[in-house]
Amino acid sequence: MLEIKDLQATIEGQDKQILNGLSLTVRPGEVHAIMGPNGSGKSTLAYVLSGRDGYEVTGGSATLDGEDLLELEPEERAAAGLFLAMQYPVEIPGVSNMYFLRQAMNSIRKARGEEEISAGAFMKLVKERAALLGVGGELLKRDVNRGFSGGEKKRNEILQMAMLQPRICILDETDSGLDIDALRTVADGVNAMRSPDRGFLIITHYQRLLDYIVPDHVHVLAKGRIQTSGDRSLALELEEKGYGGVLGAEFAEVAA
Amino acid sequence: MATALETVREYTGGEYKYGFVTDIEADIAPKGLSEDVIRLISAKKQDPDWLTEMRLAAYKRWQTMTEPTWQKVDYEPIDYQAISYYAAPKIKERPKSLDEIDPEIRRTYEKLGIPIKEQEILAGVAVDYVFDSVSVATTFRKKLHELGIIFCSISEAIQDHPELVRKYLGSVVPAGDNFFAALNAAVFTDGSFVYIPKGVRCPMELSTYFRINEKGTGQFERTLIIADEGSYVSYLEGCTAPQRDENQLHAAVVELIALDDAEIKYSTVQNWYPGDSEGKGGIYNFVTKRGACRGKNSKISWTQVETGSAITWKYPSCILQGDNSVGEFYSVAVTNNRQQADTGTKMIHIGKNTRSRIVAKGISAGTSDSTYRGLVKVLKSAEGARNYTQCDSMLIGDKCGAHTVPYIEVRNRSAKCEHEATTSKISDDQLFYCRQRGISEEDAVALIVNGFCREVMDELPMEFAVEARKLLAISLEHSVG
């Protein structure tokens, strides 16, 4: 369903190519992990796919269920079923988490020509899903991400994902800043959402997260393209040998 | 509750929804200002002699005064001789019941979303409808009358309750107070009058809806609200005007008087025509609003959401005379395109243990300019006075301006004044975050701005908070990208 072909991108106004001919296919039901050293283009990939300003696609294509993602505005990509769990979720003062969730949900439903969810149905749903992620009622009433701890922010991202029920979930370093307990809660939330018609792209530095969310495929991204792919064991090998050890000495320098 | 999304969708297409003109025959005074014109207005209003004298004295005073220039707004000089100071829809007699109101006027208010009816949507709100220079209807009068509450146009009050009007009119904002107040005192034509008797808690919101329709006129209304001992009233004003290329002057005066243990909550949702995106047309809004907390333990609270007008010059203030009296000012001022707003408040602490609280939120977009100007003055007598001021500015885009000009004068050592100010921008990160969750850019701006203003919005009566949220969204359409 997610088809990335020979994707090339730069940061706007800079010549340096960050994505350098990246190709990847995620089929429904699959979980793909993307690992790579700092500066390899992992976050850029997430932003280019979700349509953040400041990046320029210079070649290649990305489609979701056959639809050209790169032509769409960010909110249209969201309506098409793309969700990005952010590495640094932002605060929106004065806007309650619950209100934000409901507006997001209704915006997407409207874009898809569906009816808005009623206040009652929404409340029921949000309470149900929040409970699964250990997100308390108090957190729902607080301003979006305001004063949330690192763990609360990430759980909140997964709650949004659970509410919006996307086709493809991209998790950008969701494990960063999490302690083991929070990591487990987040992973449980993600695992609960695995289904035959949903795909995952999990971007991470460390293989630790993959102990909890077991991927079908692991890719190593470096210098803006996928250098090697494998199964779960590749992640373990990386942990043992480092990027330099797996990819060769020239890649270790990138990491340094 | 309507979401910002519904709002924007509802309003796409037309930028200023209230810009239509009602085609109705009007009785208009010749342009310009002179003693004769004032006598003409006075005669039309069937003023008692004391009021005619008051108008003429104010006119003389006005002629000696000059327009203020200290505010941070630019505009072409106003030609006071090119304005018509009286315009009224031609109606033979004041309709005796709401059913007799001219259908054109009735349709106008229907289009504005505030039908002249005592039912349905506005069930909990009594409304005085002011069309150009005159009040055309007031709802729920009987029900209020049973409680001894007087709610009518000021013209009627002058006829029916002259003793109250004479006692209080000009007692908070004297004619010589400032250039625009003097002009208003000379030519004011209508407005609302409220009197809440001792110990009565007004059971519904009282509201005046001001509409400027006629071309080449100004609106100079006068509002007087008196809350007698131990009473309470919540009052709201709304305003709109047709879309015209010329600038129109609105110079109102509002006076509030709260006696012992009385409370007045005054809310404004101001949506005068702001002019087009090039800055052509729009209302010049030069307004003097002041409340006197005359009695002990009295309280006056101003809440304003200012989204319209080409120029806003307005400082709703509180004179805290009574011991333990409380003044509050909650403000949201939104400027877009070429709009300019210079607004704030004055809190004058005279009585002991008087307290004031100021929360001002300014949002600037386009090439607009927004200034908060405030004075907190603690007199020697105000033992134990307290003030808290918070001014937050939000900038959208990089061509607008936000300024904060707080004056604090303290003459009593026991007083405590706090002032906090912040300036922020809607960040790209916030916008992207919302859009990634499916919320369009314009809805995201409305959402973030509404969040920024929440403290103030929460102060508005429920019925109007929804409308105010919508207005914010509309005012900021096309402000990004």
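Just so it is clear: chains get the letters A, B, ... in the order the sequence lines come, proteins before strands, and each one is counted from 1.
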Enquirer: Closest heavy-atom contact between A:Ser107 and B:Ile439?
Expert: OG-CG1, 3.8 Å
Enquirer: Could you tell me which portion of A:Pro89 (side chain, backbone, both or neither) has an atom closer than 4.5 angstrom to a non-hydrogen atom of chain B?
Expert: both
Enquirer: Tell me whether A:Arg112 at atom CZ has more than 12 heavy atoms from other residues, nucleotides or ligands lying less than 6.0 Å away.
Expert: yes
Enquirer: Please indicate whether A:Glu115 has more than 12 foreign heavy atoms, meaning atoms of other residues, nucleotides or ligands, lying under 6.0 Å from its CD.
Expert: no
Enquirer: Please classify the contact between A:Leu164 and chain B as side chain, backbone, both or neither, with a heavy-atom cut-off of under 4.5 Å.
Expert: side chain
Enquirer: Is there side-chain contact between B:Leu431 and A:Pro74, with at least one heavy-atom pair below 4.5 Å?
Expert: no
Enquirer: Heavy-atom cut-off 4.5 Å, strictly under: side chain, backbone, both or neither for A:Leu101 against chain B?
Expert: neither
Enquirer: Pair B:Cys434, A:Ile92 - check side-chain contact (heavy atoms from CB on, under 4.5 Å), show working.
Expert: CA-CA 9 Å; B:Cys434 294; A:Ile92 310 179; 3.7 Å; yes
Enquirer: Check whether any side-chain N or O of B:Gln436 sits under 3.5 Å from a backbone N or O of A:Leu84 as a donor-acceptor pair, and report yes or no.
Expert: yes
Enquirer: How close do A:Gly51 and B:Phe432 get, counting heavy atoms only, and between which atoms?
Expert: C-CE1, 4.0 Å
Enquirer: Counting the benzene-type ring for Trp, do B:Tyr433 and A:Phe100 have ring centres under 6.0 Å apart?
Expert: yes
Enquirer: Between B:Asp429 and A:Arg52, is there a side-chain N and carboxylate O pair less than 4.0 Å apart?
Expert: yes
Enquirer: Pick one of side chain, backbone, both or neither for A:Glu76, based on which atoms fall under 4.5 Å of a heavy atom in chain B.
Expert: neither
Enquirer: B:Leu447 versus A:Tyr99: any side-chain heavy-atom pair under 4.5 Å?
Expert: yes
Enquirer: Taking NZ, NE, NH1 and NH2 as the nitrogens, is one of them in A:Glu157 or B:Arg437 under 4.0 Å from a carboxylate oxygen of the other?
Expert: yes
Enquirer: Drop me the distance from B:Asp443's CG to A:Lys110's NZ, to the nearest 0.5 angstrom.
Expert: 8.5 Å
Enquirer: At a 4.5 Å cut-off on heavy atoms, which part of B:Arg435 comes close to chain A: side chain, backbone, both, or neither?
Expert: both
Enquirer: Given 3.5 Å as the limit, does a donor-acceptor pair link the side chain of B:Gln430 with the main chain of A:Glu91, or not?
Expert: yes
